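Each chain gets a letter, A, B and so on, in the order the sequences are listed, and its residues count up from 1. Quick caveat, the model's predicted, so the values are computed rather than measured. Note: hydrogens, waters and symmetry copies are ignored here, and every other heavy atom, side chains too, is used.
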Amino acid sequence: MTLADLELGARARVTAVGGAGALALRLLEMGFVPGTAIALIKRAPFGDPLEFQVRGCHVSLRRAEAAQIEAVPA
Amino acid sequence: MTALRVALAGNPNVGKTSLFNELTGARHKVGNYAGVTVETREGAVHERLRPARPLTIVDLPGTYSLTPISEDEAVAFRCLAGEGQPPPDVVALVLDAANLARNLYLAAQLIELGRPLVVALNMIDVAAAAGMPVDAAALSRVLGVPVVPTVARTGAGAAELVAAICSLDPVPQVSSPLRARLLAAGPSALAGLGADPARARWLLSAAAAGTLELTGATAAERAALVRLDAAAVRQGAHDLIVARYREVDALLDALGLAASARERAPAMDRSARIDRVLTHRALGLLIFAAVMATIFTSIFTWAEPLMGLIEDGIGWLSGQVKDGLGPGVFTDLVTDGVIAGVGNVLVFVPQIALLFLLLGLLEDSGYMARAAFLIDRLMARVGLHGRAFVPLLSGYACAIPAILGTRTISSPRDRLVTILMIPFMSCSARLPIYVLFISALFPSDESVGPFTVGSLILLAMYALSTASALAAGAIYKRTLLRGPTPPFVLELPPYRLPRVRNTLLHVFDRTAEFVRGAGTVILAMTVVLWALLSFPRPPGPAPEAAPAAMSEQAAADDSPIQHSIGGMIGKAMEPALAPMGQDYRMGIAILGSFAAREVMVSTLGLVYGIEGSDEDDQPLREALRTARNADGSPRHTPLRGLAVMVFFVYACQCMSTIAVVRRETRSWRWPLLMFTTMTALAYVMAVLVFQVGRALGYA
């Protein structure tokens with residue numbers, strides 16, 4: 001699964017960040033590194049973007065960006 | 001003793017600005033790096049904090065990392081590494097104690113850099129209240145650098161921080177065990193990128209991000225990177241980040257913070273409760289609409305009395321000078337050129353100050369990130385970031401503050417697209433033009449259903465401008481400014497009470513920068529435009545001394561402005577104006593409107609020999625209604641009026657917009673492209689309206 005498939009309130013552990021270029025680096029630097037537990041906090045009113053809890057912060061990603069992050073349920 | 005230069009670094013939203021203002025007593029100057037719009041501020045440490053030696057604090061842009069993904073990070077790295085400038089003597093890193101699991105990542109990068117480092121452990125009160133107190137002494141031990149607990153909001157710890165900086169041994173810390181561990185994580189791709197380990201990492205990451213142009217890499221470095229396998233570069237850059245976070249996790253373990261800080265977000269609990277309302281699916285959107293309406297009203301309505309005061313003041317000053325100097329060309333130069341030019345600059349100050357005051361308070365409180373979160377889905381359809389919404393909305397009031405407001409958009413390309421879209425939004429200066437032509441040429445008693453024809457036409461003008469702005473954005477994103485959609489990745493910071501003092505300082509900086517940066521260009525253009533419309537003076541007696549027998553029509557056709565260079569240009573333009581249903585008089589009015597669109601109305605008044613007219617002016621409306629061509633046909637018809645209105649929907653007739661775009665893009669290229677494309681579009685659309693209308697049988 002990817003973080004885009006996460007149910008509201010559910011948690012998952014990052015296994016890999018795919019994709020090339022700046023986005024993958026930015027995601028990793030914001031704390032979406034393999035092994036980190038992530039929770040989906042909220043979806044924006046129009047369904048996108050998504051709000052995640054990661055490493056003590058809340059970070060918003062678009063669905064397409066969240067789909068770059070491979071994860072397993074935690 | 002020369003001052004030690006101290007670079008202040010840190011993540012966004014960690015209280016860095018508060019700490020900077022606390023350290024410097026809010027006395028600073030704003031600096032800009034050549035070619036970029038990233039601001040840095042610089043100020044001496046206040047004597048109140050009793051520095052043992054003079055210190056100069058340089059406030060770097062708030063960044064999550066030093067990896068050059070955006071301009072901010074590139075500026076921060078170049079300053080810290082001392083590229084093209086002397087490196088700072090000391091780096092002071094501000095950490096959010098309540099958010100170490102992410103904040104320590106930047107600490108790891110700074111330690112790799114190896115410059116003398118002091119940590120300000122800020123918001124220790126917030127961390128303790130959230131149930132995860134941080135032991136500063138323990139953090140200092142594991143990081144191997146001095147750590148000073150601070151509460152920037154109250155100023156607690158500022159003097160201790162200054163003392164720690166002054167007593168720091170200003171030699172690079174090459175022997176730190178943490179640094180040795182961080183540098184041991186060297187992917188093979190780093191080999192051959194030079195002897196400086198921090199720079200090699202920076203180049204490798206930039207190559208992986210595709211942002212080498214931000215680094216100023218030498219030809220040799222570029223050549224070395226080109227030889228590397230793309231997959232190896234990507235993997236190497238990933239490995240570096242993962243290795244840094246591995247060290248961060250080890251640090252958290254050593255501090256006993258691992259589980260609480262990494263897996264949960266206790267410092268966000270209160271904000272999450274507030275967000276149940278503010279980003280609620282229905283309520284959140286309602287509140288968003290109310291906040292946006294307030295921002296809009298502030299620059300559309302609240303700024304008006306202040307702008308009126310400035311205009312009155314300028315008028316009074318002109319009057320005084322006229323009385324003092326007596327009539328003459330020099331008096332006119334001073335009053336209608338220079339003083340009017342200063343007025344043209346100052347008149348924007350209320351709107352800019354109000355917009356930045358509201359935006360600053362909302363940004364500081366944490367709401368602007370939520371606003372971007374709420375509206376991003378709609379903005380993404382145009383290919384833009386949620387942060388582009390507020391500047392675009394502000395464009396309905398005035399392009400000047402709106403363009404200045406685009407600085408919150410971090411991607412330079414998206415920022416440029418937004419700047420190019422804003423002048424399409426129907427600003428308040430177009431309203432007088434719409435009102436004049438609608439009220440003069442369209443019957444007020446004709447209606448469609450419950451709406452008068454006039455109000456529907458006005459609505460159509462706004463709809464046309466909005467649709468055109470969105471279309472322009474979509475086109476720019478697909479052609480000239482094509483590029484990968486920049487990462488959205490937006491932190492929703494904890495809600496905090498905004499610091500009014502910080503915001504007011506920011507408002508002052510931005511307003512002063514506008515006056516200094518764009519003011520000179522606006523002033524110069526006002527003088528040139530005045531000269532164009534004033535010289536040469538009409539021959540013979542002044543028009544008011546014209547024989548009484550002269551018909552009103554003839555008197556109007558002999559108004560002084562028609563003899564000026566501008567008048568001649570207007571007349572020369574007539575063949576081009578005919579296809580859009582206009583004559584040379586409108587050409588002069590269009591030329592005059594370059595000062596500001598609403599000036600079109602008073603210029604048209606002058607053409608018809610009416611002094612100081614505005615859109616409510618009955619004589620001017622009457623003159624437009626009754627004006628006849630040589631063959632006796634009406635000169636202004638509803639169709640011709642519509643063509644003028646459509647022209648002004650598109651035309652970039654505003655020298656201040658051009659001056660501000662030049663200032664913000666640091667080149668004449670974009671403002672000139674904007675002006676020429678918008679003028680061409682305006683002309684084509686106006687011709688289209690008139691020709692199609694005529695084909696349909698209208699006059």
Mutual orientation of the aromatic rings belonging to B:Phe389 and B:Phe288 [parallel < 30°, tilted 30-60°, perpendicular > 60°]: tilted
Parallel, tilted or perpendicular: ring planes of B:Trp202 versus B:Phe77, cut at 30 and 60 degrees: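 Because their plane-to-plane angle is under 30°, the rings of B:Trp202 and B:Phe77 count as parallel.
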Backbone N or O of [Y] within a donor-acceptor pair of the [X] side chain at under 3.5 Å?
| X | Y | answer |
| --- | --- | --- |
| B:Thr67 | B:Ile69 | no |
| B:Lys477 | B:Gly383 | yes |
| A:Gln68 | A:Glu65 | no |

Using heavy-atom distances under 4.5 Å, tell me whether [X] contacts chain A through its side chain, its backbone, both, or neither.
| X | value |
| --- | --- |
| B:Glu73 | side chain |
| B:Phe373 | both |
| B:Asp96 | neither |
| B:Thr211 | neither |

Do you know which of [options] has the most heavy-atom pairs with chain B at a distance under 4.5 angstrom?
| options | answer |
| --- | --- |
| A:Gly31, A:Pro49, A:Ala37 | A:Pro49 |
| A:Ala66, A:Gly47, A:Ala22 | A:Ala22 |
| A:Ala24, A:Pro34, A:Ala44 | A:Ala44 |

Pairs of heavy atoms under 4.5 Å with chain A: top-ranked of B:Asn99, B:Ile375, B:Leu240: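 Between B:Asn99, B:Ile375, B:Leu240, the count favours B:Asn99.
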Top contributor to chain A contacts, counting heavy-atom pairs under 4.5 Å, from B:Thr279, B:Val242, B:Val248: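 Heavy-atom pairs under 4.5 Å are most numerous for B:Thr279.
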Salt-bridge criterion met for B:Arg387 and B:Asp376 (N-O under 4.0 Å):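 Here B:Arg387 does not pair with B:Asp376 in a salt bridge, since their nearest N and O are not under 4.0 Å apart.
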B:Tyr495 six-ring centre to B:Arg370 NZ/CZ under 6.0 Å and within 45° of normal: yes
At a 4.5 Å cut-off on heavy atoms, which part of [X] comes close to chain B: side chain, backbone, both, or neither?
| X | answer |
| --- | --- |
| A:Arg11 | side chain |
| A:Ile38 | neither |
| A:Glu29 | both |

Candidate list B:Leu104, B:Leu100, B:Leu251, test side chain to side chain contact (heavy atoms under 4.5 Å, CB included), partner B:Leu257, passing option: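 The single option meeting the side chain to side chain contact (heavy atoms under 4.5 Å, CB included) with B:Leu257 is B:Leu100.
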